[in-house]
Structures are given as C-alpha cells and as structure tokens.
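Note sheet for the following structure.
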Amino acid sequence: NLPHGGEGAVSLVERQVSLLRERNIYSRQKLTELSSIGRENDRLLEATRSTVLALLAGTSRADLCHIWREQVTGSFAAQMGSLIWVDNHADRSTGVVVANKLIRQGDSFSGALRPEEMAGLFDAEALEGSAALSRVRAGEEVVGFIAVGSSDSQRYRPDDGTLFLDYLAEVIGQLPA
C-alpha cells in the first residue's frame, strides 16, 4: 500500500492531472478565440464581396468615391472611409501627402494617427484616431489610396492585417473609371 502523497507533497498523478486541466482550459480559450476570428473573417469576406459588386456599378471616379464611403460605413461598419485619387505623379494634395507619408514601404498601413493626419485622409474635423489604408495601383502606377478610419486610436493597430483592404485596393485599381 503506497500513500498518494504525504503532507506538503503533491503526487506525480495529481500534478499531471493539474497540468492537463490547465492545458485544457488554455485550449478551449484558444479555440474560442480562433472561432471568433473565423466569424469575423466570414463577415469581412461577405462585406468584401458586397463592396466589389457595388464598385462594379461605378462609372466614374466620383461614383467610386461615393460607393466606397457608403460600403465602408455600411457593409464594413467602419466609422469613416475615403478613396483618394492621385491626379498625377507630382500630386501634393493633403490626402496624397499624408497617405504617402504613412505608407513608407509596402502597400498598406494600419495604426494610430495624429489629428492633422486624420483630417487630411478623411476631410473631417481634426481628431485623434486610427486608420488602415492601402495603395490603389493600376499596374505599377499608384493611382490612389483607400482608407478606413475610426476616432478610436486603438481600433486599427500596427499588427492588424490588411488583407481585405489590399484586395479591395487591387480591385479598384483594375476598374476602368
């Protein structure tokens, strides 16, 4: 007859059961987190599909700007959106300057912005916030920028992915308008 543990001691079996319980709790939390991410990606995919179909109806750059803002605030439930067109290689408009400054490398940016940057991108009252933006290219040429924004400076963070935004920028770049 072997005792299961003495005073102040924990048996190996009790320790292993305790570790397995902790791992089980962690695994359940991770599964819940991954399920939540999956549901959000499903929502974003549906919003992307809806946005692409709506953009196909645009006949001019002005139409596309209007459709983009409508879709961003409707389908994506974002607080603000903008589609900024680059008129020529030397375009120095505020929105283009701010977008180029934020996207130094790669094709997208996500993170907190200063009030003047928010005002430049969204033609709104100067307020702190955050945004995600992506370059719109026609071939190798940058023809514009799309952006989504929020007055919450933590809504769009640097570690957020911009996959759906990049995809939509690619689609807009291929439209004939």
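Residue numbers run from 1 in the order of the sequence given.
More than 12 non-hydrogen atoms from other residues, nucleotides or ligands lie less than 6.0 angstrom from CD of E116. Within a 6.0 Å sphere centred on OH of Y167, heavy atoms belonging to other residues, nucleotides or ligands number 12 at most.
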V143 vs V86, side-chain contact (heavy atoms from CB on, under 4.5 Å): CA-CA, chis, key distance, verdict: CA-CA 5 Å; V143 295; V86 176; 5.6 Å; no
Take V148 and W68, measure what side-chain contact (heavy atoms from CB on, under 4.5 Å) needs, and give me the verdict at the end. CA-CA 10 Å; V148 292; W68 174 252; 4.2 Å; yes
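Transitive grouping of hydrophobic side chains (ILVMFWY, heavy atoms separated by less than 4.5 Å) keeps V136 and L102 in distinct clusters. F122 and I146 fall into different hydrophobic clusters, defined by Ile, Leu, Val, Met, Phe, Trp and Tyr side-chain heavy atoms under 4.5 Å apart, directly or through other members. Connection of L45 to L55 is established within a shared hydrophobic cluster, with ILVMFWY side chains joined at heavy-atom distances below 4.5 Å, either directly or through further cluster members. Hydrophobic clustering, with ILVMFWY side chains joined whenever heavy atoms are under 4.5 angstrom apart, keeps L133 apart from Y156. The same ILVMFWY cluster, assembled from side-chain heavy atoms under 4.5 Å apart, contains both L53 and L165.
Taking CD1 from I172 and CD1 from I67, the interatomic distance works out to 9.5 Å, rounded to the nearest 0.5 Å. One finds the CG atom of L64 at 8.0 Å from the OG1 atom of T59 (value rounded to the nearest 0.5 Å). Rounding to the nearest 0.5 Å gives a distance of 4.0 Å between CG of N100 and CZ of F145. In this structure, the separation between CD on Q71 and NE2 on H66 is 9.5 Å, given to the nearest 0.5 Å. The CG atom of D166 lies 10.5 Å from the CZ atom of R137; values are rounded to the nearest 0.5 Å. From S35, atom OG reaches atom CD of E40 across 13.5 Å, with rounding to the nearest 0.5 Å.
Distance alone, capped at 3.5 Å, places no donor-acceptor pair between the R157 side chain and the D160 backbone. Between the side chain of S27 and the main chain of R23, a donor-acceptor pair closer than 3.5 Å is present. One N or O on the side chain of R135 and one on the backbone of I103 form a donor-acceptor pair closer than 3.5 Å. Here the side chain of Q174 pairs no donor or acceptor atom with the backbone of V171 at under 3.5 angstrom. For T48 (side chain) and L44 (main-chain N/O), a donor-acceptor pair under 3.5 Å exists by modelled atom type.
In this structure, the side chains of L56 and L175 come closer than 4.5 Å at one or more pairs of heavy atoms. Between R92 and V96 the shortest side-chain heavy-atom distance does not fall below 4.5 Å. Two residues are said to be in side-chain contact when any heavy atoms from C-beta on lie closer than 4.5 Å; L113 and E128 fail this criterion. At a threshold of 4.5 Å between non-hydrogen side-chain atoms, the residues S110 and T162 count as touching.
Between the side chains of S108 and S134, no donor-acceptor pair is found at a separation under 3.5 Å.
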Can you give the donor-acceptor pairs under 3.5 Å from side chains of residues 77-85 to other protein atoms, not counting sequence neighbours?
| unit_1 | atom_1 | unit_2 | atom_2 | d |
| --- | --- | --- | --- | --- |
| Q79 | OE1 | S150 | OG | 3.3 |
| Q79 | OE1 | S151 | N | 2.8 |
| Q79 | OE1 | S151 | OG | 3.2 |
| Q79 | NE2 | S151 | OG | 3.1 |
| S82 | OG | L121 | O | 2.9 |
| W85 | NE1 | R61 | O | 3.4 |

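Remark: S130 engages no residue in a side-chain hydrogen bond (donor to acceptor under 3.5 Å, both in side chains) (not counting sequence neighbours). The salt bridge (Lys or Arg N to Asp or Glu O under 4.0 Å) test applied to E70 returns no partner, not counting sequence neighbours.
Looking at E46 and R43, no side-chain N of the basic residue comes within less than 4.0 Å of a carboxylate O on the acidic one, giving no salt bridge. With respect to the salt-bridge test (charged N to carboxylate O, under 4.0 angstrom), the residues D42 and R39 do not qualify.
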